[in-house]
Amino acid sequence: QVLLLESGGGLVQVGGSLRLSCAASGSTLSSYAMAWFRQAPGKEREFVARIRWSGGSTDYADSVKGRFTISGDNAKNTLYLQMNSLKPEDTAVYYCALMLRSGTLWNYWGQGTQVTVSL
């Protein structure tokens, strides 16, 4: 029904920047919100940022607030995550997710894209 495909990950130096993209295809007209999550090896998946389509309200994890910016382009049906001032602890596989209706359940997930921050 809905396919999410992340891209833009890669290697970057400490303090550098990356922009992740998540292209959504399928039945996404009724989506309520989208978000980015990340998971480092041996750790549980954690919330990074969320955007609500109504008004574009955003929320961020404390660890990324002020450094990351989530945005969406309805015309292109694409979600973005601009990551600045990257730190080693940002190293993880980043996933995008889609919520069809207001609530707490993320209905669809992408396959993930690797972000590695090092010198």
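Just so you know, residue 1 is the first one in the sequence shown, and it goes up from there.
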For Y80, check side-chain hydrogen bond (donor to acceptor under 3.5 Å, both in side chains) against everything at least two apart and list the hits.
-> none

Just say parallel, tilted or perpendicular for the rings of Y95 and W109, cut-offs at 30° and 60°.
-> perpendicular

Taking all atoms of both residues into account, what is the closest heavy-atom pair of W53 and A33, and its distance?
-> CD1-N, 4.0 Å

Is the side chain of E6 donor-acceptor paired with the backbone N or O of G112 at a distance under 3.5 Å, no angle test?
-> yes

Determine yes or no for a side-chain-to-main-chain donor-acceptor pair under 3.5 angstrom, with S21 supplying the side chain and S7 the backbone.
-> no

Identify, with sequence neighbours excluded, every residue that meets side-chain hydrogen bond (donor to acceptor under 3.5 Å, both in side chains) alongside D59.
-> R50

Answer with yes or no whether the side chains of N84 and S17 bring together a donor and an acceptor at under 3.5 Å.
-> yes

Stepwise side chain to side chain contact (heavy atoms under 4.5 Å, CB included) test for V14 and L86 | CA-CA 5 Å; V14 171; L86 284 163; over 6 Å; no

If a pair satisfies disulfide bond (SG atoms under 2.5 Å apart) and one of its residues is in residues 57-91, list it, with sequence neighbours excluded.
-> none

With sequence neighbours left out, write down each residue that passes side-chain hydrogen bond (donor to acceptor under 3.5 Å, both in side chains) with R67, or none if nothing qualifies.
-> D90

State which residues pass side-chain hydrogen bond (donor to acceptor under 3.5 Å, both in side chains) with T116; sequence neighbours excluded, sorted by chain then number.
-> Q114

Please test Q1 against Y108 for side chain to side chain contact (heavy atoms under 4.5 Å, CB included), starting from the C-alpha separation and ending with a verdict.
-> CA-CA 9 Å; Q1 187 174 3; Y108 297 95; 2.7 Å; yes

What's the verdict on side chain to side chain contact (heavy atoms under 4.5 Å, CB included) for M83 and V115, showing C-alpha distance, side-chain angles and the deciding distance?
-> CA-CA 10 Å; M83 305 185 295; V115 172; 3.9 Å; yes

Any donor-acceptor N/O pair, N77 side chain to A24 backbone, under 3.5 Å = yes

What closest approach, in Å, do Y60 and F68 show between heavy atoms, and which atom pair accounts for it?
-> CE2-O, 3.2 Å

In terms of side-chain heavy atoms, does Y32 have a donor or acceptor partner in R101 at a distance below 3.5 Å?
-> no

Sequence neighbours excluded, every pair satisfying disulfide bond (SG atoms under 2.5 Å apart) that has a member inside residues 49-119 | C22-C96

